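Chain A is the first sequence line, chain B the second, and so forth, proteins listed ahead of strands; every chain is numbered from 1. All values below come from the heavy atoms of this structure, side chains included, with hydrogens, waters and symmetry mates left out. Treat the numbers as computed from the prediction; the structure is a model and nothing was measured.
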Amino acid sequence: MSVVWEAGVSAREDEWLWGWDHTPGIVSVWSEGDGVVHVWRRVDGALVREDVRFRPWLLLERAEDLAHLGSRLGRDGDRTRITIRELAGPGALRHLVRADDLATLTAAVTHGASARLGHRVGHVRELGEGVLLLAPEEQYLVATGRTYFRDLAWPDVRRMQFDLETTGLDAARDRIFLIAVREPDGRAETLEATDGTDRGEAALIARLVERVAAVDPDVIENHNLHGFDLPFLEQRARILGVPLALGRVGAGLRQRTAQRGVAVGDRGSKRRIRFIAPGRELIDTLDAVRRHDFAARDLPGHGLKAVARHLGLAGPDRELIRGDKIFATFARDPERVRRYAIADVEEVAGLSRTLGGAAFALAQMAPRRYERVADAGAATGVIDPLLVRAYLRAGAALPAHEPGDGTTHSGAALHLFAAGVAHRIVKADVASLYPSLMRAFKIGPARDRQGALLALVDRLVTQRLAAKAAAKLAPPHSAERHRHEGTSAALKLIVNSAYGYLAAGGLTRFADVHAANEVTRRGRETLALMCRELAARGVTLLEADTDGVYAAVPPEWTEADERRAVAEVAALLPPLVQLEFEGRYAAMLSHEPKNYALLAYDGALTMRGVAFRSSRAEPYGAAFLRDAVRALLVGDVPGVRAAYLAMVTALRERSLPTIEVCARVRLTKSPGQYATIRDTRREFAYEAMIASGRTTWSIGERVRVYRTAQGGRVIDEPDEDVGDDDDDDELGPLSPILRDNRNDPRDYDAEHYVRMLRDQFATRLARALAPDDFAVVFADPDQLSLFTPPLAAMRPILTTMIEDDAQPRGT
DNA sequence: TCATACCGGGG
DNA sequence: GTGTACGGTATGA
């Protein structure tokens, strides 16, 4: 009996995650809400379009808004034009209303609501929380239990990439002169305007449209597709009067409001949109990059070139051209721009395959279009639709959104126990702490009577472990492995956002600040327990943050001792909360909370936090910090002094190239704007531009500026900045070409940069040395002192904070 | 100096 | 008819 019941629950919860209708091969869905849904499917590789009858639905709080229909209102199952069915349970949205088409449905509701409220209700959305109306395709997917891509593997979906090359960034003024296209079979080529006229550009756009129609891809991709290429293309097509039929139905692009889209209309109206090409899915690899980096946080930046290089997708002789020089380069050396543009589309295809697996897998679960799943956040974009579908499948009424009761949300714990240098470091942390606590203590939203969120989290965790295991078993680089890894990444993403869903205030349907606070309270409790128990085993606590602890172990401990201590503490934590031995390091410089440097046993140096890595920081300072911190962490105080002296000498003798002292700044004012405020307030960067003879520049331009005895100057940016990949300890961030600049005037203000070295950079080491020692190590070589204590006798120190300095902080 | 507003990307 | 979070930098009081 109970076994049968368990099986029933299990099947039901599977349906909550994956849907229940196993129609294979769906690659796109589109509906105008007219009672017909266009479904494109890949069947044995061929594309099939099915036009399905479908009755649109909405959820309504007040049935009386339909009372005016009288006998024309049918019960669910009738073939009358509008039907209503009451759902079970306490939720506010308890009437499921359907009709043959959306217009009839919404007209009936607004008519009734107008009468009830005594004023004209023009659109159901004016009913706010009293109604739930999804996009027509989502209504279809929710009601049928179908999802995208069932039984399809990644290569089964036809993907095409295109990338515009333009004369500038402003579509009102600049033109498209070249388009790189890559077809599903991997062939890539460029389409080019024959001349710089309207006619030439219009013909180019028309050729792109023809090519898309001929290739007929299911998916169109590019990096920043929704932020740049599509809006630019749409505006140029509109200006030139070229029809932009990139979809499989309709004459042009459609749009939807999207917070993460581009601003449209005159400034002031804050409407942001993304474009839709019905019948195809428009996928932006920038979304995949952001989603990946959200969890991994290992990318040097989110630009195409930087990410492609980081992931090993870029060829060794990848053509690089600075954005503002592409058009000019094309005039001189068109082949170079062609290679550049083709590399772009090829990298996009590689990026999509490498990072796109999560969205591909999510689309097989959530009742939304693939492109929506790909660009949505996990909480409102994935979990909420899953919950809506689960409730409707269970025949249960949905709660409406509710504003919080004023309770503030409390966050994670952060403690700094000691600052300075410590040795034999162990890092222990809990993987997926918050979802683990939700599972362990059954913390879910109070209004979730079905227990759907916790059931989903449980299932997601189990299935993720299965997907991870399956990925490990599959051959490296195989399609199968790729699929399992994508599934695993997708599941992890949703699992980890379950807590965010709880804590999202009024943004999510089942948000519950009390439940969220219970999760973080348990989290702080768990972290405190970990710290206490680790300390009881003889380690020195250094820093603890949310779900992890850094600590120094006694000199006589072996790695086995370290692992044993962590395992002992792990055994004291609640079941399902798994403390892991995350890593061990030779030494750590603890500076401030979230600001530290780690020296691994293999010699690799990692620096974290603003104090140690700022993209703005002058390269010479960063280079000095790397050398000095490394010396410090191996206990070599004379080495710290030597690094300092070497840099001071290089500055004073001007053997250091100018670019090493430059700061990168972004110009945010136009020459005209700056001219108007110049008399009231001078700004260094602009003065440096003017002093260097630069009278024109564009807003957003990045320049490198440095200080001279007279003022400031700028130097030109290198060819293209790909971002520092941060596997440092090579030559630093500069290219050899720049180091070898023969025209370098080296007229920087050396004393200014010496002061900066001491006051801005050396201070990062202050907590690791006794004050007297610090003064000696960073004393100016020109100021002789009668008595200097021997550097070799100095040792880095570690200062333990008193209890009050361990600062718990809310978010 | 500290708080807050805004950005991340694309040519 | 939608909605991330976070760490960094630029800005204003």
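Between A:R608 and C:dG8 there is no side-chain polar atom (N or O) within less than 4.0 angstrom of OP1 or OP2. One finds no side-chain N or O of A:K594 lying less than 4.0 angstrom from the OP1 or OP2 phosphate oxygen of C:dG8.
Looking at residues two or more places apart in sequence or on another chain, you find no salt bridge (Lys or Arg N to Asp or Glu O under 4.0 Å) involving A:D195. Qualifying ring pair (Phe, Tyr, Trp, His ring centres under 6.0 Å) partners for A:F162, counting only residues two or more places apart in sequence or in other chains: none. Looking at residues two or more places apart in sequence or on another chain, you find no side-chain hydrogen bond (donor to acceptor under 3.5 Å, both in side chains) involving A:D547.
Under the 3.5 Å distance criterion, the side-chain polar atoms of A:D284 are matched with a main-chain donor or acceptor of A:L225.
Residue contacts shown for A:R173 are absent, as no nucleic acid heavy atom lies under 4.0 Å away. Here A:L133 lies out of heavy-atom contact (under 4.0 Å) with every strand. Across all strands, A:L134 comes closer than 4.0 Å to no nucleic acid atom at all (heavy-atom distances). When heavy atoms are screened at a 4.0 angstrom cut-off, A:D163 is found touching the sugar-phosphate backbone but no base atom. Nucleic acid contact class of A:I326 (heavy atoms, under 4.0 Å, all strands): sugar-phosphate only.
Remark: A:D375 does not engage A:R291 in a salt bridge, criterion side-chain N to carboxylate O under 4.0 Å. No salt bridge links A:E347 with A:R309; every basic N to acidic carboxylate O contact stays at or beyond 4.0 Å.
For the C1' atoms, the distance linking B:dG10 with C:dG3 amounts to 24 Å, nearest Å. Rounded to the nearest Å, the gap between the P atom of C:dG8 and that of B:dG9 is 14 Å.
Atoms CZ (A:R336) and P (B:dG11) sit 14 Å apart, rounded to a whole Å. Distance, A:I179 CD1 to B:dG10 P: 18 Å, rounded to whole Å. As a whole-Å value, the separation of A:R322 CZ from B:dG9 P is 17 Å. Between A:R274 atom CZ and B:dG10 atom C1' there is a gap of 13 Å when expressed in whole angstrom units. Whole-Å rounding puts the A:N496 CG to C:dC6 C1' distance at 15 Å. Atom pair A:E347:CD and B:dG9:P shows a separation of 15 Å (rounding to whole Å applied). Between the P atom of B:dG9 and the CG atom of A:D170 lies a distance of 20 Å, rounded to the nearest Å. Between the CG atom of A:D545 and the P atom of C:dC6 there is a distance of 11 Å, rounded to whole Å.
No side-chain donor-acceptor contact under 3.5 Å links A:S31 and A:E137. Judged by distance alone, the side chains of A:H302 and A:D293 do bring a donor and an acceptor atom under 3.5 Å apart. A donor atom on one side chain and an acceptor atom on the other are not found under 3.5 Å apart for A:N496 and A:Y434.
Residues from residues 221-232 of chain A with heavy atoms under 4.0 angstrom of DNA chain B, sorted by number: A:H223, A:N224, A:F228.
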Within the sub-3.5 Å range, which N or O atoms of nucleotides 6-8 of chain B have a protein N or O partner, and how far apart are they?
none

Shorter than 3.5 Å, N or O on both sides, protein versus nucleotides 2-4 of chain B: list them out with atom names.
none

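Remark: A:R318 is positioned above the aromatic ring of A:Y340, its terminal NZ or CZ atom under 6.0 angstrom from the ring centre and at most 45 degrees off the axis.
Residue-environment remark: CZ (A:R608) stays at or below the threshold of 12 foreign heavy atoms within 6.0 Å.
Summarising the geometry of A:P367 relative to A:E138, their closest heavy-atom pair is O-CG, 3.6 Å, with the distance given to 0.1 Å.
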